[in-house]
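Labels below follow one simple rule: chain letters A, B, ... track the order of the sequence lines, proteins then strands, and each chain is numbered from 1.
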Number of protein chains: 2
Amino acid sequence: MGTVRALENPIIRPENVRPSREDFEVIGVFNAGVARYEDEVILLLRVAERPKSQREDVVLSPIYDVATNEITVKSFARDDPRNDFSDPRLIVAWARAPLVKGRGQNARAGGMGAPPMNRTHGQDARATYETYLTSISHLRLARSRDGLRFRIEDRPALGPANEYETFGIEDPRIACADGVYYVDYVGVAPLGVTTCLASTRDFQSFQRHGVIFHPDNKDVVLFPARIGDKYYALHRPHSSLFLRNDIWLAESPNLIAWGRHRYLMGTREGWWDETRIGAGAVPFRTDKGWIELYHGADRNSRYCLGAVLLDGEQPGKILARSAQPLFEPEAHYERSGFFGQVVFSCGLLFEDNTLKVYYGAADTSLCYAEIPLADVYQNLGL
Amino acid sequence: MGTVRALENPIIRPENVRPSREDFEVIGVFNAGVARYEDEVILLLRVAERPKSQREDVVLSPIYDVATNEITVKSFARDDPRNDFSDPRLIVAWARAPLVKGRGQNARAGGMGAPPMNRTHGQDARATYETYLTSISHLRLARSRDGLRFRIEDRPALGPANEYETFGIEDPRIACADGVYYVDYVGVAPLGVTTCLASTRDFQSFQRHGVIFHPDNKDVVLFPARIGDKYYALHRPHSSLFLRNDIWLAESPNLIAWGRHRYLMGTREGWWDETRIGAGAVPFRTDKGWIELYHGADRNSRYCLGAVLLDGEQPGKILARSAQPLFEPEAHYERSGFFGQVVFSCGLLFEDNTLKVYYGAADTSLCYAEIPLADVYQNLGL
């Protein structure tokens, strides 16, 4: 027993995915939503692409253009010291000189409007920078009978389609409620980081329901059943004034409108989840309550998976939480890649008292592991 | 005709308000929610207080303690260069050495987790700072028959009461729908800046409905009637990754759960509302559509009021917007105070084709002005 990684890992690699355009290359396939549909396992893969023509002198950003319904490519001079390329996923580009005057008695700077958090020393705290991404993600469907060997569709199932998604759509989670598969995913755009909802009954046609969590919010998972007469979700709003990235709980009458937001759990300094946490897989129910597989990062940005047990009737009540990671980056494909030292799950199947976990490794490839429920309980101290 | 300020301005000053505790002083009474109830005008005033015992060597922060249901006072050494007191409303206090390692190939710094936006040069970009407020606000009821001379209650109507409100509650807006008065207000706490909802039928007992907009979100106004079968709200989420402070529209079936968030309008560089905007008074309906009085600030942090006209049936459709401010800080009590050069409204009465505007002046006192609807139309170019 114990946790077992698939020998075939990574089960899906970038080279297994056909780019959506001939002039693009797939640089990552990871963070997949998971569902069992009829006799197959369905994955909605996050596929990250970038232009093939990478150049020494510029860094490129692919951007969806709402007006033309095409992806355009913007370039940024690599040798401009005002641009910041130190995060491989991002471009923080100088946009203009300071707009707001210096601080002091009447600066009213305290509200909102931070300089970019990833500013380097070459940048001016007062100037305005614009953030771009170095790749653009869409969602791609894959199907399998054995859960390991997937047929990957050639075309995106869902791609950027509006002004909330111009930098791509990411990290889908699939919750099946009342016979409908609800897919929530992150929309990234200059308007902010939002969570959007789509639904499908057949994984062929999808209906979009718009933005369900306003900026900035990601790592949203919907509970796959009503509790009492309400739906519930976990979400991860970001407060820049107070530097918080906590997991909150929300209620809904219809999965589209959300309220009664409550703080659920935060980071724990000195622990494995000390700097960043977020809900991962859609929660599942056992006789002890709801189990949520979540991700946490430490000060070295090492992303692990842990679990939290929530009361079956009152999901705002935490019964147990991982003191140690349940699953951590150890295999070579988890330790190195586009963004190394990362395991990150958006979905699992709970079958045969086993967590069948699909997870992104190093923001590069998709992997599979099985974790016995007994091991989760042991990890939770139960 | 034309805009007329009340000769009695400010109609309510800090010295008119009895502190909630003998050892506190009222430093501001401003930003009031407004309703007509029976034969009176009701104001829900934002009252800002601080400990009387101000000292040279420390800066004090009053904080609501959930466990004891009391306000406690925390002090910060004024001569510690790691603390930042440059904004009179805030304390940005050094809390600990850097937790996250330096950036680079694997820093994963791009997500969320900004340094405080109001960091000064004496501070370390990598260290963790905690933000506190120098005053704590509650909501106080005031009543008037003539709309100018108010009887102010001696005790708070609503005060901080839970973990989302430990730094106070601010900026109430009152919308009357279906015979119920809905009060939304900003909750400030280390968990983030949220918008919360309460309701009342009599302005004596209030029912709380929790957090309706998660961190960070403020400047929320509810439309005072269903449009079609939906309720609508304007809100102002903050995106720190993309540095946005835009006004969004949301829909709700019940005023508590909100979804289908849509971007409505942003700041306009070079205009009076170039750096910051937010909804102000609860919108009211005319034969041309919904009129929303909103605030905008320029690069000098001068806060003015403008208007936007939204389609009567489709409130996401902008028909007109102020090119020039409709109302700007000109009187001495608007130009100087705790935070000068500010006019800011949370409520008005639309009666006799006139906007009877209650507004906060310089974050210090409450004032009144009348603006003929014809002037609003003219300002909107109609």
For this session: Report the option among A:Arg262, A:Glu251, A:Arg244 that has the most heavy-atom pairs separated by less than 4.5 Å from atoms of chain B.
Result: A:Arg244
Exercise. A:Ile256 versus chain B, heavy atoms under 4.5 Å apart: side chain, backbone, both or neither?
Worked result: both
Problem set entry | Top contributor to chain B contacts, counting heavy-atom pairs under 4.5 Å, from A:Ala257, A:Gly259, A:Gly210 | A:Ala257
Seminar exercise, completed: Only one of B:Arg335, B:Glu334, B:His295 passes side chain to side chain contact (heavy atoms under 4.5 Å, CB included) with B:Val343, and that residue is B:Glu334
Problem set entry | Atom group of B:Ala189 that falls short of 4.5 Å from chain A, counting heavy atoms | backbone
Exercise. Mind checking whether A:His261 and A:Phe213 have parallel, tilted or perpendicular rings, split at 30° and 60°?
Worked result: perpendicular
For this session: Taking the side chain as every heavy atom from C-beta outward, state whether A:Tyr132 and A:Leu90 have any pair of such atoms under 4.5 Å apart.
Result: no
Exercise. Which atoms of A:Trp258 come close to chain B, meaning under 4.5 Å heavy atom to heavy atom: side chain ones, backbone ones, both, or neither?
Worked result: both
Exercise. Quick one: NE2 on B:His238 to NZ on B:Lys218, what's the gap to the nearest 0.5 Å?
Worked result: 10.5 Å
For this session: State whether a side-chain donor-acceptor pair under 3.5 Å links B:Arg46 with B:Ser137.
Result: yes
Exercise. Tell me, side chain or backbone of A:Asn162 under 4.5 Å from chain B's heavy atoms, or both, or neither?
Worked result: neither
Problem set entry | Residue of the set A:Arg302, A:Arg299, A:Arg268 for which salt bridge (Lys or Arg N to Asp or Glu O under 4.0 Å) holds with A:Asp273 | A:Arg268
Problem set entry | Which portion of B:Arg260 sits near chain A, non-hydrogen atoms under 4.5 angstrom | both
For this session: Measure distances from B:Tyr231 to the heavy atoms of chain A and classify the residue's part below 4.5 Å as side chain, backbone, both or neither.
Result: neither
Problem set entry | Residue part contacting chain A, namely of B:Leu191, when any heavy atom lies under 4.5 Å | both
Exercise. If you count heavy-atom pairs under 4.5 Å with chain B, which of A:Pro253, A:Pro215, A:Gly192 comes out on top?
Worked result: A:Pro215
Problem set entry | Check: A:Trp248 and A:Asn217 side chains under 4.5 Å, non-hydrogen atoms | no
